[in-house]
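All heavy atoms count here, side chains included; hydrogens, waters and symmetry mates do not. We're numbering straight along the sequence, starting at 1.
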Amino acid sequence: MNLLNRFSNAHHFQNYEDFFNNFKLNIPDNFNFAYDVVDEYARLEPSKRALVWCDDLGEERIFSFAEIQKKSNQVANFFLSHGISKGDTVLVILQRRYEYWTTLMALSKIGAIGIPATHMLMEKDLVYRMEKADIKMVVSVNDDELCTNIYKAAKKVPCVQSIATLGKRAGFIDFSQETQAQSDVLSTPYAAERKKSDIILIYFTSGTTGLPKMVCLSQRYTLAHIITAKYWLNCIDDGLHFTLAETGWAKASWGKLFGQWLCGSAIFVYDFHSKFDPDDLLKQIAKYKVNTFCAPPTVYRFMIKTDLSKYDLSNIRYMMTAGEALNPEIYRQIRQKTGHVIYEGFGQTETTIVCAAFSEYVDIRPGSMGKPSPLYYVQLLNDEEKPVEQGETGEMCIRLREEQEGLFDGYYHDDNLTSTVKYDGYYHLGDLAYRDSEGYYWFVGRKDDIIKSSGYRIGPFEVESALMEHPAVLECAITGVADTQGVRGQLVKATIVLAKGYTASDELIKELQNHVKKTTAPYKYPRVVEFVNELPKTISGKIRRVEIRENDDEPQNR
């Protein structure tokens, strides 16, 4: 049993056009995910599997919806006992611990706002978030460095009234002990006053081009993930879905919570703390018989370097990717080694899935982000805010409807910032793409990352994809540097991390340049090449091209 038909007309459509034109959501005015999904499953099918959790120490926990309901009630009573109420903000840093799911549902039940964050935040990052979001309470994993940073940061920010962690630690509330002592019947439910417009989550963006922004997501946003989970991730009733994402990032809401439970699928969580090991990951996928799997391209890149034949992956029905554009070479090797194609999807923290290879209706074009979700009318606009012609590059924009489902409500307490992306009837994504003759969208790059050289506009992704096909390249980033000769305006620069067994040399540079010339338009080849040990990245793992550009004070022409 699943709840899809209660909140949408989800069924099999005849084709993509039928899907795009006729899919509809049904969102009650008083919708609340915790009450209307979790508690409803607990009422209708209490033993239904909700969460399968294991860690790298061998511990395992499997939770039914009835258990999630009771434990979230205990956590809700814990929050109420510490003065947390409707509209209050709580910073949640629980990595992949199972307490994350009961904590978010507890906050939903009392109308408070969860702000998920990564454990990699330093003291200054925590102070910034606490102050900007007016944080009232912090709940975290019991990690020495993290808790030290939280403790120091909280002392500097008066709005933070209490800090809690999983277990005993000086200066912290023992979250585990106190929640266990609470009643599993919610004492003062706010169910009667709930609204679909209530904010359930705030995410800080990853900050690839500036300071993180606070993205507000309402209760109605959660139902828009029916498209994400059913039609892109292909989650199945009583199946098991695995999205490899830490809960501090919006991808966890895409693949580790809302849409999966609406589809009736259990969520698989592998809580690992050591360095990422593809072999460990594959062992868990095989052991627990995962049905649907989603990971960023970087993970697939690691997977193809291991012996996939050692693992029984027969239970996997679909593989998906998002988070960054998928290089066609990775797609090709995964298909060759596993027999599975990878369904690509595209979206932002501010949205649900915007474009995707929806498996039933959209054929895969390796490297393409697919076609638009029926929730969005996507338009490509030029710098004059005019629609571009087929094949021309433009900024991806969503034409706003009166009640636009699946889109953020705005940036928290910052109407001015919201107005820089929502204006003239559109939400501007800041990503550039082009649309081909069959209606497929192709990612070009972030608007800020476009290189202007000799009158050409060059997107980094196509050049990066070409370089990634060369066995010497493990990772790379394409940016523009000033042409000191004043001829081309900007030069294309490649910053490259080499694969094992390769050494930087002038000969290798020439080889890579010639490879790009043969693979894509010759004018796009990198005239500047720098080899580095690692690329600058955000704490979410996204490449910070802006940092590379800032450090290029002395461009070197080759």
Side-chain angles (χ1 to χ4, degrees), residues 206 208-209 275-278 296-306 323-330 332-333 367 444-446 448-454 456 458-485 487-558:
S206 57
T208 54
T209 58
K275 187 177 180 180
F276 172 74
D277 185 329
T298 301
V299 171
Y300 288 110
R301 191 178 301 132
F302 279 109
M303 287 172 63
I304 60 179
K305 302 293 185 184
T306 193
E324 56 186 279
L326 176 68
N327 298 110
E329 178 63 15
I330 298 172
R332 185 188 69 78
Q333 290 198 40
V444 173
R446 289 291 295 171
D448 295 338
D449 292 333
I450 293 300
I451 302 160
K452 298 177 182 177
S453 180
S454 299
Y456 295 108
I458 302 170
F461 175 64
E462 187 176 2
V463 186
E464 289 169 358
S465 293
L467 281 169
M468 286 301 301
E469 292 180 14
H470 195 285
V473 179
L474 179 65
E475 287 188 303
C476 66
I478 295 297
T479 54
V481 293
D483 179 8
T484 56
Q485 306 303 314
V487 177
R488 293 182 173 84
Q490 285 184 307
L491 304 175
V492 176
K493 176 189 175 183
T495 305
I496 296 172
V497 178
L498 289 174
K500 288 181 180 180
Y502 290 87
T503 305
S505 67
D506 288 340
E507 290 75 17
L508 181 57
I509 289 173
K510 288 294 184 185
E511 183 179 334
L512 292 171
Q513 289 173 327
N514 288 331
H515 173 75
V516 174
K517 288 179 184 178
K518 293 175 183 176
T519 307
T520 185
Y523 67 85
K524 297 180 181 181
Y525 86 91
R527 296 172 183 272
V528 181
V529 177
E530 179 183 7
F531 297 108
V532 297
N533 292 326
E534 60 182 4
L535 296 174
K537 295 178 180 178
T538 68
I539 49 181
S540 66
K542 293 184 179 180
I543 296 169
R544 295 197 79 241
R545 294 180 184 83
V546 64
E547 187 173 327
I548 296 173
R549 291 195 295 267
E550 289 170 351
N551 291 335
D552 283 332
D553 295 327
E554 300 293 333
Q556 302 171 11
N557 294 359
R558 291 190 187 272

List in chain and number order the residues that pass side-chain contact (heavy atoms from CB on, under 4.5 Å) with [X], two or more places apart in sequence or in another chain; answer none if no residue qualifies.
| X | value |
| --- | --- |
| Y523 | Y456, I458, A521 |
| H515 | E469, H470, T519 |
| D277 | D279, D280 |
| S505 | E507, L508 |

If I take atom [atom1] from residue [X] and atom [atom2] from residue [Y], how far apart are they, to the nearest 0.5 angstrom?
| X | Y | atom1 | atom2 | value |
| --- | --- | --- | --- | --- |
| I548 | E530 | CD1 | CD | 8.0 Å |
| R549 | T479 | CZ | OG1 | 7.0 Å |
| F531 | T503 | CZ | OG1 | 10.0 Å |

Report task. Could you pull out all residues at least two apart from Y502 that satisfy ring pair (Phe, Tyr, Trp, His ring centres under 6.0 Å)? Result ->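 Y502 satisfies ring pair (Phe, Tyr, Trp, His ring centres under 6.0 Å) with no residue once adjacent residues are dropped.
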Looking at side-chain heavy atoms only, is the closest gap between [X] and [Y] below 4.5 Å?
| X | Y | result |
| --- | --- | --- |
| K537 | E475 | yes |
| V473 | M468 | yes |
| V516 | L467 | yes |
| K524 | I478 | no |
| I451 | V463 | no |

If every non-hydrogen atom of [X] is compared with every non-hydrogen atom of [Y], which pair is closest and at what distance?
| X | Y | answer |
| --- | --- | --- |
| P297 | I330 | O-CD1, 4.0 Å |
| L498 | A504 | CD1-N, 3.5 Å |
| R301 | L474 | CD-O, 3.4 Å |
| Y525 | V492 | O-CB, 3.8 Å |
| A466 | T520 | CB-CG2, 4.5 Å |

Query raised in the report: With a cut-off of 6.0 Å (strictly less than), are more than 12 heavy atoms of other residues, nucleotides or ligands near CZ of F302?
Result: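 Open: at most 12 neighbouring heavy atoms sit under 6.0 Å from CZ of F302.
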Query raised in the report: Which residues pass the side chain to side chain donor-acceptor pair (under 3.5 Å) test with S465, sequence neighbours left out?
Result: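 So S465 forms a side chain to side chain donor-acceptor pair (under 3.5 Å) with N327.
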Report task. Please list, chain by chain and in numerical order, all residues satisfying side chain to side chain donor-acceptor pair (under 3.5 Å) with Q490, sequence neighbours excluded. Result ->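 Expected list: none.
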Requested in this report: Return yes if some donor-acceptor pair links the side-chain N/O of Q513 with the main-chain N/O of P526 below 3.5 Å, else return no.
Outcome: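 Such a contact is found between Q513 side chain and P526 backbone.
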